[in-house]
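Scroll down for the structure; my scribbles are underneath it.
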Amino acid sequence: MIVRAIVTDAPRGGVKLDSMDMDFHDFPVVLKPVLTGICGTDRGIVNGSLPFAYNPHGENRLILGHESLSVVVSAEPNSYNIKAGDMVVPMVRRPGKCLNCLVGRSDNCSDGQKHEAGVTGLHGFMRDRFGDFPEYLIKVPGNRKDDMAVLTEPVKNVEKVFEVLDIISRRSIFTDSAGAYHGKRAVIIGTGSEAFLFALKSMDWGFSTGITNRHPLDEIKGKLAEDTGMDFYDYSHAGIRENNGIDLLIDTSGDPGTVLRFIGRMNNNGIVVLFGTNGKAQPAPVDGDLLGSIVEKNLSIIGSVDGARIHYERAIQDIYKWKAQFGKTIEMIITGRVGPEDTGIFLKKPADEIKTVISWGE
Ligand SMILES: [Zn+2]
């Protein structure tokens, strides 16, 4: 069938809504996107700044889109209980042949041979129809029809980070005497969608949680932070809470200077999680005193990417827990809704954007 698809030519970039003739006979499940989310990775591919992105083998274009909430059009019997009409979230990474990939942990791929839909060598979900295999589809509990599950893909990154945090934190006592994280302080660098999602999970754990950036929050972000109980501070104004140490630092900016500035303020046994990436960020010098303090303070610094099936499942549960907890406030994360023809959204980020989604219609 002829489908509309939002395509680029990776890693060179560009974006257009194209028509393609595709057949889905090789796939047990055929799906139609309801919503697809746009993130920094999509914009990075479109503006040609992500050298690791590439087209599927032998093709001269890549269909974008790795964040999707989709409805099942048809499914063969015995497809993990998936049937027509089910709301599902497709996983992004598809396994290569390394041991981690073979046990369902392509998020920990050890040789880089995995693929990522809409990013590395595999067509993404920004098209009228796609085919897939049931083991990569996560059912939305209760088959809910609202929009929130489109956040599952970004939230699964958060779930993996907190799993890694749990493992790393066992090397010393990281809790208070009651086994809780109350009184511990988490700082999330950045005020984009991923930063807000990290902060929500951090508050669930009981951390006193703040998000930070070098400019004030706009009205929507300010209200979201206030109504969910997270702190915000503008770190361009030195002196604000600079004396409070940090126990958990999560970076979503990928900016070395900012990360180093905050690493200098970690408490003993603190954990630093690097999640954001920015290949165009300015370099920042590291001196011996900073390296020495990382040693003396017994810090852990870890990088974390992607997540496994279990993290998608936990993500959907947390999203609906947050919805029950915060009601309409949590829906404020989705700040914009455009059609597939509005490809300008990839070239210019709206000023007040937290998460923009593409609606694929009925
Ligand atoms: Zn692998």
Side-chain angles (χ1 to χ4, degrees), residues 8-11 24 26-29 31 36-37 39-42 44-45 49-59 61-68 70 79-80 82 88-126 130-139 152-168 194 197-198 250-252 254 271-279 300-316:
T8 187
D9 177 9
F24 306 108
D26 294 339
F27 297 99
V29 186
L31 304 105
T36 52
C39 85
T41 302
D42 301 306
I45 296 170
S49 66
L50 295 183
F52 57 82
Y54 60 95
N55 297 333
H57 182 72
E59 298 192 40
R61 55 190 172 177
L62 171 72
I63 301 175
L64 286 167
H66 57 278
E67 301 179 5
S68 172
S70 296
S79 297
Y80 280 53
I82 285 169
V88 299
V89 173
M91 293 174 64
V92 176
R93 278 204 184 183
R94 303 309 164 93
K97 293 190 167 66
C98 76
L99 283 177
N100 280 302
C101 281
L102 291 178
V103 297
R105 290 303 302 258
S106 57
D107 59 313
N108 295 333
C109 180
S110 39
D111 64 5
Q113 298 301 304
K114 48 56 180 156
H115 293 92
E116 292 159 314
V119 185
T120 51
L122 190 67
H123 285 314
F125 309 123
M126 290 181 178
F130 65 99
D132 214 332
F133 297 91
E135 58 267 41
Y136 305 123
L137 301 172
I138 316 296
K139 283 176 77 157
T152 302
E153 197 279 338
V155 175
K156 69 96 171 60
N157 300 318
V158 171
E159 303 291 345
K160 176 173 168 178
V161 162
F162 277 79
E163 180 183 275
V164 174
L165 174 67
D166 180 47
I167 294 166
I168 300 291
E194 202 76 61
L197 298 169
F198 274 116
I250 300 175
D251 176 60
T252 69
I271 298 175
V272 178
V273 181
L274 304 180
F275 177 79
T277 59
N278 177 4
S300 304
I301 302 180
I302 54 180
S304 182
V305 68
D306 197 53
R309 189 178 169 99
I310 183 72
H311 304 119
Y312 284 81
E313 288 168 352
R314 288 178 191 158
I316 295 189

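Whatever order the structure lists them in is the order used to number ligands and atoms, beginning at 1.
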Cationic N near anionic O, under 4.0 Å, K156 to E159: no
Validation row: F52, P11 side chains within 4.5 angstrom (heavy atoms): no
Under 2.8 Å from the Zn ion (ligand 1), the protein N, O or S atoms, given as residue and atom: C98 SG, C101 SG, C109 SG
Heavy-atom donor-acceptor pair, D251 side chain to L274 backbone, under 3.5 Å: no
Within-4.5 Å side-chain heavy-atom neighbours: E153 and H66: yes
Heavy-atom donor-acceptor pair, R309 side chain to M91 backbone, under 3.5 Å: no
Closest non-hydrogen atom pair, S68 against P90: O-CD, 3.4 Å
